[in-house]
Amino acid sequence: MTYLISIWLGKIVKNALRLFGYGATALPGLVSYKIDPDVLTRITSKLKHGSVLVTGTNGKTTTSRIISAILDRHGYAVVGNRSGSNLERGLISTLLDVSNFWGEVEADVAVLEVDEADLVNIINKVSCKHLVVLNFFRDQLDRYGELMSLRNLIKKAILEMPAGSRVVLCADDPLVVSLTDDVPQGVEVSYFGLDIDIESENNFAVDVSTCVKCGGDLKYNKVYLSHLGNYRCGSCGFARGELDYAVTEVKLHGIEKTEVVAVLDDGSKIQLEYQIPGLFNVYNLLAALAVVSGFDIDNEVVVESVAKIKPAFGRFEKIDLDGKEVILMLSKNP
């Protein structure tokens, strides 16, 4: 009965806030949690296909959006925290939308972006089937401290992954790949990364320059973005391994669109065109392809879904202002 009361009051608070023009992204979840601390576990346990969690410093919102769009087009009933409220109270608030007054859940799968520091508190509460770790950057030193602290928070969460679940790691990020040793037995690991000829000049801040294994210098034969690339430690041999999902061709058309050719884990190639610019967003797309492969979705559906995806709020979002096109570009925590 406590569970039902938490759902009822959470939904009442949510509807009341929306009535007065508020976003209702966190407070309803907090109210439900205060009544029933297990409400998140109870809701997600009713999801037929569990949850997909996306974490990392950058790209969570876009990656989650692409995954949701593909699953939705395939016919899954998808729920996701598109507002970006990614702490536990925000996840509960999101899930209240698909919970009816009898406590039943009207969704098949949840695609949730999760705050890096809160992941360890959430991982066992959401019936996680797929966990994506995108990257580690020094965007939020005020919250997390050094990158190894952030990496170790994710490590604690991965250690809690149940057998039969799956971890999807960015192979081009040395810190992300170093989590491989922490994946429990019975948990599948997949790697995604770029295998292209485009090489950017590494003349900006590099957030990882030493080997997490031995402290030696990392040597790169390809650098794509900051510390993301094809690397090897000259001291201990730690290196980027084989890619299960790789982008082998990229054409960047300014801020208008991107074209890529991706190779999937079964060896098949898929050609995609989408309206989200930037090489960094190629990583987000590839992470999404890795996840949806676990749902046995036809490549044709993937191509159609990706072609229709629009940028998320504030991320190269285009709006019309008095007949002029305005493009919003998010720059967070610079």
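Basis for what follows: all heavy atoms, side chains included, without hydrogens, waters or symmetry-related copies.
Atom CG of Leu175 sits about 11.0 Å away from atom SG of Cys170, to the nearest 0.5 Å. Between atom CD1 of residue Ile123 and atom NZ of residue Lys156 there is a gap of 14.5 Å, rounded to the nearest 0.5 Å. Taken from CG in Leu91 to CG in Leu87, the straight-line distance is 7.5 Å, to the nearest 0.5 Å. With rounding to the nearest 0.5 Å, the separation of CG in Asp118 from CZ in Arg89 is 9.0 Å. Separating the OG atom in Ser178 from the CG atom in Leu169 is a distance of 9.0 Å, to the nearest 0.5 Å. We find the CG-CG distance between Leu40 and Asn124 to be 11.0 Å, quoted to the nearest 0.5 Å.
Salt bridge absent: Glu300 and Arg73 never bring a charged side-chain N and a carboxylate O closer than 4.0 Å. Lys14 has a carboxylate O that lies under 4.0 Å from a charged side-chain N of Asp97, or vice versa, which qualifies the two as a salt bridge. Salt bridge Arg151/Asp182: present, at least one basic N to carboxylate O contact under 4.0 Å.
Here the closest non-hydrogen pair linking Gly193 and Leu286 is O-CD2, 3.1 Å. Leu150 and Glu116 get closest at one heavy-atom pair: CD1-CB, 3.3 Å. Summarising the geometry of Asp244 relative to Ser190, their closest heavy-atom pair is OD2-CA, 3.3 Å, with the distance given to 0.1 Å. Annotation for Tyr283 and Phe192: closest pair O-CE1, 3.6 Å, computed over non-hydrogen atoms. What you find for Phe238 and Pro174 is that their closest heavy atoms are CZ-O, 3.6 Å. Closest heavy-atom contact between Ser6 and Tyr3: OG-O, 2.6 Å.
Within the 3.5 Å criterion, the main-chain N or O of Val126 finds a donor-acceptor partner in the side chain of Ser51. In this structure, Ser268 contributes its side chain and Leu264 its backbone to no donor-acceptor pair below 3.5 Å. Side chain of Asp108 to backbone of Ala77: a donor-acceptor contact under 3.5 angstrom is found. Between the Asp172 side chain and the Asn230 main chain, no donor and acceptor come within less than 3.5 Å of each other. Counting only distance, with no hydrogens or angles, the side chain of Ser93 and the backbone of Gly29 share a donor-acceptor pair below 3.5 Å. Remark: side-chain polar atoms of Asp173 are paired, donor with acceptor, to backbone N or O of Phe136 under 3.5 angstrom.
Under a hydrophobic clustering in which Ile, Leu, Val, Met, Phe, Trp and Tyr are joined whenever their side-chain heavy atoms come within less than 4.5 Å, directly or via other members, Val247 and Leu252 fall into the same cluster. A continuous path of ILVMFWY side-chain contacts below 4.5 Å connects Ile297 to Ile67, so both sit in one hydrophobic cluster. A chain of hydrophobic side-chain contacts below 4.5 Å, direct or via other Ile, Leu, Val, Met, Phe, Trp or Tyr residues, connects Val260 to Ile196. When the side chains of ILVMFWY residues are joined at heavy-atom separations under 4.5 Å, either directly or via intervening members, Phe280 and Met329 end up in a single hydrophobic cluster. A continuous path of Ile, Leu, Val, Met, Phe, Trp and Tyr side chains, each step under 4.5 Å between heavy atoms, connects Tyr274 with Leu134, placing both in one hydrophobic cluster.
Using a 3.5 Å distance cut-off with no hydrogens or angles, the side chains of Tyr191 and Thr180 do pair a donor with an acceptor. Side-chain N/O atoms of Tyr245 and Asp265 include a donor and acceptor closer than 3.5 Å. Counting only N and O atoms by type, the side chains of Glu113 and Ser64 include no donor and acceptor under 3.5 Å apart. Asn81 and Thr94 share no donor-acceptor pair across their side chains, judged by distance under 3.5 Å alone.
Taking the six-membered ring where tryptophan is involved, the planes of His49 and Tyr76 are perpendicular, since the angle between them exceeds 60° and thus also 30°.
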>> Is there a salt bridge (Lys or Arg N to Asp or Glu O under 4.0 Å) between Glu256 and Lys318? Walk through the geometry before answering.
In response: CA-CA 10 Å; Glu256 294 304 317; Lys318 296 178 181 179; 3.1 Å; yes
> What's the verdict on side-chain contact (heavy atoms from CB on, under 4.5 Å) for Ser165 and His130, showing C-alpha distance, side-chain angles and the deciding distance?
Replying inline: CA-CA 6 Å; Ser165 59; His130 303 262; over 6 Å; no
>> For a side-chain contact (heavy atoms from CB on, under 4.5 Å) check, start with the C-alpha distance between Leu96 and Ser32, then their side-chain angles and the critical distance, and finish with the verdict.
In response: CA-CA 9 Å; Leu96 286 172; Ser32 292; 3.8 Å; yes
>> Using side-chain contact (heavy atoms from CB on, under 4.5 Å), reason through Ile35 and Leu9 one step at a time and then give a plain yes or no.
In response: CA-CA 9 Å; Ile35 296 167; Leu9 289 183; 3.2 Å; yes
>> Is there a side-chain contact (heavy atoms from CB on, under 4.5 Å) between Arg166 and Ser293? Walk through the geometry before answering.
In response: CA-CA 12 Å; Arg166 181 169 173 241; Ser293 71; 3.5 Å; yes
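With contacts defined as side-chain heavy-atom distances shorter than 4.5 Å, the pair Val187/Pro184 qualifies. Using a 4.5 Å heavy-atom threshold, the side chains of Asn100 and Glu106 count as touching. Between Glu273 and Lys251 there is no side-chain heavy-atom pair separated by less than 4.5 Å. Taking the side chain as every heavy atom from C-beta outward, Ile66 and Thr63 never approach each other to under 4.5 Å. With a 4.5 Å cut-off on side-chain heavy atoms, Met148 and Val212 count as touching. The shortest distance between side-chain heavy atoms of Val223 and Tyr231 does not fall below 4.5 Å. Two residues are said to be in side-chain contact when any heavy atoms from C-beta on lie closer than 4.5 Å; Val109 and Leu71 meet this criterion. Contact of the Arg65 side chain with the Thr61 side chain is not registered, since no non-hydrogen atoms from C-beta on lie closer than 4.5 Å.
Within the hydrophobic cluster formed by Ile, Leu, Val, Met, Phe, Trp and Tyr side chains joined at under 4.5 Å, directly or through other members, Ile319 is accompanied by Leu321, Val326, Leu328.
For an aromatic pair to be called close, the ring centres must be under 6.0 Å apart, and His227 with Phe137 satisfies this.
When Val52, Val291, Leu119 are each tested for a side chain to side chain contact (heavy atoms under 4.5 Å, CB included) with Leu131, only one passes: Leu119.
For CG of Asp296, the number of neighbouring non-hydrogen atoms (other residues, nucleotides, ligands) closer than 6.0 Å is 12 at most.
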